Amino acid sequence: MEKFAKLKELIAGVEADADKFYNSGNGAAGTRVRKAMQDLKTLAQEIRTEVTDKKNSAK
């Protein structure tokens with residue numbers, strides 16, 4: 001559950017940069033959004049692996 005909380009924090013943290021990029025055309029904010037999306041992808045994969053392991057160990 002700790003990783004899921006981190007995921008939510010990461011999304012909340014990138015929201016302002018996403019707004020700056022999409023609504024103001026700020027290129028630097030776009031770079032930060034891309035980095036955050038890569039971090040999200042990595043964290044989401046870790047969560048997927050953890051869930052799979054936990055599910056399979058319950059059998």
Side-chain angles (χ1 to χ4, degrees):
M1 206 56 191
E2 181 181 319
K3 287 184 182 181
F4 190 77
K6 275 187 180 180
L7 187 80
K8 291 188 334 185
E9 287 176 26
L10 188 54
I11 290 171
V14 75
E15 187 173 4
D17 284 328
D19 181 56
K20 288 177 188 175
F21 176 71
Y22 286 110
N23 295 325
S24 302
N26 184 327
T31 301
R32 291 189 297 271
V33 170
R34 291 190 61 214
K35 182 186 181 317
M37 292 299 110
Q38 185 62 41
D39 293 344
L40 277 169
K41 178 182 172 185
T42 302
L43 188 54
Q45 185 61 47
E46 289 174 12
I47 292 170
R48 285 177 47 106
T49 303
E50 187 177 287
V51 168
T52 301
D53 291 344
K54 187 170 180 123
K55 185 180 80 169
N56 289 338
S57 69
K59 290 182 180 180

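Computed from a predicted structure; not experimentally measured. All values below were derived from every heavy atom in this structure, side-chain atoms included, with hydrogens, water molecules and symmetry-related copies excluded. Positions are given from 1, in the same order as the sequence printed here.
Contact record, G30 with F21: CA-CD1, 3.4 Å, taken as the closest heavy-atom pair. Considering every non-hydrogen atom in both I11 and L40, the closest pair reads CG1-CD2, 3.7 Å.
Contacts of A44 classified as side-chain contact (heavy atoms from CB on, under 4.5 Å), with partners at least two apart in sequence or in another chain: none. Shown here are the side-chain contact (heavy atoms from CB on, under 4.5 Å) partners of Y22, two or more places apart in sequence or in another chain: A18. In this structure A28 satisfies the side-chain contact (heavy atoms from CB on, under 4.5 Å) test together with N26, R32, sequence neighbours excluded. With sequence neighbours excluded, no residue satisfies salt bridge (charged side-chain N to carboxylate O under 4.0 Å, His left out) with D19.
D17 has its side chain within reach of K20: a pair of non-hydrogen atoms, C-beta onward, lies under 4.5 Å apart.
The stretch residues 1-16 participates, sequence neighbours left out, in no side chain to side chain donor-acceptor pair (under 3.5 Å) pair at all. Within the structure, every pair that satisfies the side chain to side chain donor-acceptor pair (under 3.5 Å) test and touches residues 37-47, not counting sequence neighbours, is listed here: K35-D39.
Expressed to the nearest 0.5 Å, how far CD of E50 lies from OG1 of T52 amounts to 10.0 Å. We find the CG-CG distance between L43 and L7 to be 5.0 Å, quoted to the nearest 0.5 Å.
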